[in-house]
Amino acid sequence: MKTMSRILLTASLFLPAMIFFSCEKNTVENAGTGEAAFSVNTAEIMSAKSAGADVLNAMQVMVSVEDIKGNKIFTDKLIPLYAFGTGFLSENIQVPSGDFRLTKFLVIDANGNVLYATPIMGSAMSYLIKSPLPVPFHIETEKVTNIAPEVLLVKDTSPDKFGYASFGYQVVKPLSFFTYCIIDNPLAASPTTITSAQLTVTAPDGWHYTFKLAQMVNNVIIRGGYATYDFVVSKDGYLPQKYQFTADQLAAATETNPLILKIPFSAQYQSLVLQPGPEMAKDAMISNLEPDKNFGDHKYFEATFLSEQMLTVMRSNRSLIHFNTEALPASAIIRKVVLTLWYDVPIPFDNSFMYLVNTLPGPGIAWYGAVFQRIVEPWDEYKVTWNNQPKTTEAGQVFLAPFIKNANVVELDVTKLFVSPTATTDVSVVTPNYGILFKLWPAEKFPGFRFASGDYPVPEMRPRLRIYYAVN
């Protein structure tokens with residue numbers, strides 16, 4: 001009987017700086033997501049190496065995951081492994097929160113050879129490990145889940161002994177190439193500058209992956225077996241750049257002769273800054289204790305729930321604001337919108353709310369904060385009241401969690417309040433601009449936030465909107 005070497009993979013809670021991020025099943029903006037990660041146990045590497053296993057060539061793991069209803073979440077997903085000291089670490093992968101089953105787990109080398117595999121329950125080799133596949137696991141929101149499948153050294157053992165129809169049929173040979181990204185500015189004294197960027201590679205059948213390129217020559221490993229690949233190079237502040245390369249071109253890109261990905265300097269976004277004063281600003285506060293009173297010249301832009309000293313009751317205040325964007329060129333494509341808010345003295349609130357700092361609303365989370373919602377109908381700065389406040393929509397709303405900051409400034413990405421969520425990288429559909437409503441969410445449970453408004457006496461502290469755009 002052949003001796004089988006066994007190696008334990010345990011989940012990692014830390015990763016090296018050069019992590020790649022996956023676009024597959026991308027749910028970055030979904031609060032109901034968590035992460036899973038794998039690492040090779042350092043002590044077991046040496047014993048496996050001494051047994052003749054070519055562990056140092058193990059470049060990736062291949063996993064398949066389904067939910068408890070049998071729906072496919074990942075199928076033959078390749079996850080790169082990285083050398084870290086004397087061991088290996090994988091990247092974190094994002095998974096929706098819930099209960100799942102790991103149905104395939106293979107460790108493969110750079111040539112596509114299966115080095116290790118987790119046997120499936122009922123197969124000839126399954127008795128050798130404690131937990132054969134499928135392995136159940138649970139993903140919690142905003143947490144890293146430890147998944148620790150055991151694997152057996154494959155060597156020349158046939159796939160059916162592990163419960164797989166064929167390793168060769170299901171394993172894809174990776175394609176490795178070297179590349180770096182530059183900002184190409186022919187008018188500058190130094191016409192090219194190496195820069196960091198994101199690279200998304202897409203195959204003809206829809207397979208895709210996003211890599212984080214460092215400011216250096218990068219070794220990128222993608223799924224092989226295709227004649228051509230589409231590339232999209234993205235960097236904050238610049239228009240995305242599209243390329244297409246053949247597999248032969250990629251294979252020819254070596255460390256000494258890497259593939260150069262260019263971002264033209266002319267593709268840099270333009271920006272429009274709006275920070276109006278009292279004459280040009282359109283903002284107002286509304287209050288439930290004075291539901292028919294207008295506060296068009298209120299010096300605070302606030303969403304608060306505070307006790308009213310004179311009446312010994314709680315007062316709920318909301319705020320509305322509108323920035324005139326008519327100065328944007330007619331052909332402008334909005335890429336990013338940033339709202340900057342300042343406060344003079346922060347509203348104190350009890351330390352029991354500190355656990356909410358930097359969290360997002362999600363199922364099962366007792367979250368209380370504020371929300372910015374897009375106003376969908378006209379309103380008048382000097383006529384709006386609590387009783388006639390305009391309608392809003394939850395589509396694209398932006399949340400603000402309780403925070404502790406040394407600085408008195410907050411920056412928020414509010415792009416979704418100005419651009420349709422269905423907009424692509426090529427076309428931005430600008431939504432009707434009636435302004436933004438700022439209120440506590442989901443209920444008035446804590447004191448809230450009070451920022452300077454357009455009527456605040458210090459000009460530098462008034463709300464500022466910066467719109468990054470490109471022109472067709």
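Relative to the six-membered ring of Y468, R335 misses at least one condition, a distance below 6.0 Å or an angle of at most 45° to the axis.
Side-chain contact between I436 and R374: absent, with no pair of heavy atoms (C-beta onward) separated by less than 4.5 Å. Considering only heavy atoms from C-beta on, V220 stays 4.5 Å or farther from F178 through its side chain. Contact of the F451 side chain with the Y300 side chain is not registered, since no non-hydrogen atoms from C-beta on lie closer than 4.5 Å. A 4.5 Å side-chain heavy-atom check between L306 and R315 finds every atom pair outside the cut-off. Under the 4.5 Å side-chain criterion, counting only non-hydrogen atoms from C-beta, F105 is not in contact with Y116. Between T325 and I467, the closest side-chain pair of non-hydrogen atoms falls below 4.5 Å. Looking at K416 and V337, their side chains never come closer than 4.5 Å, going by heavy atoms from C-beta outward. Residues Y164 and L133 form a side-chain contact, since some pair of their non-hydrogen atoms from C-beta on lies under 4.5 Å apart.
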Query - I93 and I79: CA distance, side-chain angles, deciding distance, side-chain contact (heavy atoms from CB on, under 4.5 Å) verdict - result: CA-CA 8 Å; I93 60 171; I79 309 173; 3.7 Å; yes
Query - ring-ring contact (aromatic ring centres under 6.0 Å, His included) assessment of Y229 paired with F245 - result: CA-CA 5 Å; Y229 296 85; F245 297 100; 9.7 Å; no
Query raised in the report: Between E66 and R101, does a salt bridge (Lys or Arg N to Asp or Glu O under 4.0 Å) hold up when you go through it step by step?
Result: CA-CA 5 Å; E66 63 182 33; R101 290 190 290 259; 3.0 Å; yes
Query raised in the report: For L115 and V154, what are the C-alpha separation, side-chain angles and deciding distance, and is it a side-chain contact (heavy atoms from CB on, under 4.5 Å)?
Result: CA-CA 6 Å; L115 301 181; V154 171; over 6 Å; no
Report task. Go through the steps for D413 and K336 under the test side-chain contact (heavy atoms from CB on, under 4.5 Å), then give the verdict. Result -> CA-CA 7 Å; D413 186 339; K336 188 174 184 178; 3.7 Å; yes
Requested in this report: Kindly determine whether F211 and Y209 satisfy ring-ring contact (aromatic ring centres under 6.0 Å, His included), including the steps that lead there.
Outcome: CA-CA 7 Å; F211 302 93; Y209 209 91; 5.0 Å; yes
Query - Worked check of ring-ring contact (aromatic ring centres under 6.0 Å, His included) between Y269 and Y238 - result: CA-CA 5 Å; Y269 295 161; Y238 294 84; 7.3 Å; no
Query raised in the report: Can V410 and L339 be said to form a side-chain contact (heavy atoms from CB on, under 4.5 Å), step by step?
Result: CA-CA 8 Å; V410 176; L339 176 63; over 6 Å; no
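Between D205 and Y226, the side chains place a donor N or O and an acceptor N or O closer than 3.5 Å (distance only, hydrogens not considered). Under 3.5 Å, the side chains of K235 and T195 contain a donor-acceptor pair of N or O atoms. For the 3.5 Å distance criterion, the side chains of S64 and T75 fail to qualify, holding no donor opposite an acceptor. When only modelled atom types and interatomic distance are considered, R318 and Q389 share a side-chain donor-acceptor pair under 3.5 Å.
A donor-acceptor pair under 3.5 Å links the side-chain atoms of T179 to the main chain of L259, judged by distance alone. Side chain of H322 to main chain of D283: no donor-acceptor pair is present (N/O by atom type, distance under 3.5 Å, no hydrogens or angles). At least one donor-acceptor pair under 3.5 Å links the side chain of T393 to the backbone N or O of A395. Between the side chain of Q241 and the backbone N or O of I263, no donor-acceptor pair lies under 3.5 Å. Here the side chain of N218 pairs a donor or acceptor atom with the backbone of M216 at under 3.5 angstrom. Side-chain atoms of S126 never come within 3.5 Å of backbone atoms of M121 as a donor-acceptor pair (strictly under, hydrogens ignored). With hydrogens and angles disregarded, a donor-acceptor distance shorter than 3.5 Å links the side chain of T118 to the backbone of E150. Side-chain atoms of T145 come within 3.5 Å of backbone atoms of H138 as a donor-acceptor pair (strictly under, hydrogens ignored). With N408 contributing its side chain and Y343 its backbone, the two residues share a donor-acceptor pair below 3.5 Å. Proximity of a side-chain donor or acceptor of D160 to a complementary backbone N or O of G163 within less than 3.5 Å is not detected.
Within a 6.0 Å sphere centred on CG of D99, other residues, nucleotides and ligands contribute more than 12 heavy atoms.
Residues Y368 and A443 share a closest heavy-atom pair of CD2-O, 3.8 Å. The two residues F449 and T304 have their closest heavy-atom pair at O-CG2, 3.3 Å. Shortest non-hydrogen contact noted between P390 and E377 is CA-OE2, 3.2 Å. Scanning all heavy atoms of the two residues, the minimum distance from I139 to E35 falls at CD1-O, 4.0 Å. Heavy-atom minimum distance, I334 versus Y469: CA-CB, 4.2 Å. Nearest heavy atoms, I375 versus Y434: O-CB, 3.3 Å.
The NZ atom of K77 sits 11.0 Å away from atom CZ of R223, with the distance rounded to the nearest 0.5 Å. To the nearest 0.5 Å, atoms CD (E142) and OG1 (T33) are separated by 5.5 Å. To the nearest 0.5 angstrom, L437 atom CG is 11.5 Å from I321 atom CD1. Rounding to the nearest 0.5 Å places CZ of F372 at 9.5 Å from OG of S319. Note: L320 CG to S453 OG = 12.0 Å, rounded to the nearest 0.5 Å. Distance check, rounded to the nearest 0.5 Å: CE of M62 to CD of Q60 gives 8.0 Å.
In this structure, K242 does not pair ionically with D230, as no charged nitrogen and carboxylate oxygen lie closer than 4.0 Å.
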